[in-house]
Amino acid sequence: QVQLVESGGGLVQPGGSLRLSCVVSGSIFSNYVMGWYRQAPGKERELVAAIDNGGSRNYANSVKGRFTISRDNAENAVYLQMNSLKSEDTADYYCNFKLWNMVVGGWDDFWGQGTQVTVSS
């Protein structure tokens, strides 16, 4: 069983920075993708950034140049450094871990509990 524990959300002024952390525990093997999604009130959940086990990164256009995703393999952790935050970044942020299931030939999805990020003056 895979579990994800997030931390690092909070209230920040526009232009400020926050760092989100997510630690993954459990049986981790095969191919995987670690990422962050967010969901603002009244909107669908969207991908913010992702990094795979090969180190390839993917970002939403709205955060490119401001957010950086990184991982620590030794700690089984993924981080999201968010700089130059804007009010439109306000949302609940969710850590996501996709693990390739060789038995069924598809991805198993695991989610963190979510952490709130509020950008406001």
Side-chain angles (χ1 to χ4, degrees):
Q1 185 68 20
V2 175
Q3 293 184 322
L4 287 69
V5 178
E6 305 163 3
S7 60
L11 173 65
V12 64
Q13 293 186 343
S17 298
L18 279 176
R19 185 181 190 233
L20 304 183
S21 301
C22 176
V23 177
V24 182
S25 61
S27 299
I28 301 171
F29 52 90
S30 186
N31 294 328
Y32 63 85
V33 179
M34 305 176 79
W36 292 92
Y37 287 70
R38 67 185 180 187
Q39 188 167 19
K43 294 188 177 181
E44 294 185 354
R45 189 172 296 189
E46 62 174 358
L47 174 68
V48 177
I51 183 169
D52 66 20
N53 56 302
S56 295
R57 294 170 171 83
N58 183 36
Y59 294 96
N61 287 335
S62 59
V63 306
K64 282 181 180 177
R66 300 188 299 121
F67 291 11
T68 301
I69 189 169
S70 61
R71 65 177 185 188
D72 184 330
N73 290 337
E75 299 293 329
N76 283 340
V78 62
Y79 307 99
L80 185 68
Q81 178 66 43
M82 304 185 293
N83 298 330
S84 303
L85 282 160
K86 306 175 181 179
S87 59
E88 50 263 44
D89 295 317
T90 296
D92 291 324
Y93 284 70
Y94 296 89
C95 181
N96 173 259
F97 183 75
K98 297 185 187 298
L99 183 63
W100 181 253
N101 188 325
M102 291 183 287
V103 175
V104 302
W107 295 98
D108 289 331
D109 256 325
F110 300 92
W111 294 93
Q113 78 280 8
T115 185
Q116 189 172 52
V117 172
T118 302
V119 184
S120 175
S121 55

same_hphob_cluster(Tyr37, Tyr32) at 4.5 Å side-chain heavy-atom cutoff: no
CG on Asn83 to OG1 on Thr68, rounded to 0.5 Å: 6.5 Å
CD/Gln3: more than 12 non-hydrogen atoms of other groups inside 6.0 Å: no
Mind listing the side-chain donor-acceptor pairs of residues 111-121 below 3.5 Å, one per line with the distance, residues two or more places apart or on another chain?
unit_1 : atom_1 : unit_2 : atom_2 : d
Gln113 : NE2    : Glu6   : O      : 3.4
Thr115 : OG1    : Gly9   : N      : 3.2

ILVMFWY cluster, Leu47 and Tyr94 together (side-chain gap under 4.5 Å): yes
Joint hydrophobic cluster, Trp36 plus Val23, side-chain heavy atoms closer than 4.5 Å: no
Val33 with Met102, same ILVMFWY side-chain cluster at under 4.5 Å: yes
Side chain Arg71, main chain Asp52, donor-acceptor under 3.5 Å: yes
Rounded distance [0.5 Å steps], CE in Met34 versus CG in Leu80: 12.0 Å
Nearest heavy atoms of Ser17 and Ser84, plus distance in Å: OG-N, 4.4 Å
Flag if over 12 foreign heavy atoms under 6.0 Å of CD, Glu44: no
Contacts of Arg66 that satisfy salt bridge (charged side-chain N to carboxylate O under 4.0 Å, His left out) - sequence neighbours left out: Asp89
Whether Tyr59 side chain and Ile69 backbone form a donor-acceptor pair below 3.5 Å: yes
Within one Ile-Leu-Val-Met-Phe-Trp-Tyr cluster: Met82 and Tyr79, side-chain cutoff 4.5 Å: no
Pairing residues for Asp109 by the salt bridge (charged side-chain N to carboxylate O under 4.0 Å, His left out) criterion, not counting sequence neighbours: Lys98
Euclidean distance, Glu75 CD relative to Ser25 OG, rounded to 0.5 Å: 12.5 Å
Within residues 39-83 or reaching into it, pairs that qualify as disulfide (SG to SG under 2.5 Å) - sequence neighbours excluded: none
Disulfide (SG to SG under 2.5 Å) partners of residues 54-121, not counting sequence neighbours, each pair once: Cys22-Cys95
Flag, side chain of Arg57 to backbone of Ser70, donor-acceptor distance under 3.5 Å: no
Spacing of Asn53 atom CG and Asn31 atom CG [to the nearest 0.5 Å]: 5.0 Å
Partners meeting salt bridge (charged side-chain N to carboxylate O under 4.0 Å, His left out) with Glu46 (sequence neighbours left out): Arg38
Parallel, tilted or perpendicular: rings of Trp107 and Trp100 (30°, 60°): perpendicular
Val2 vs Leu4 side-chain heavy atoms within contact, under 4.5 Å: yes
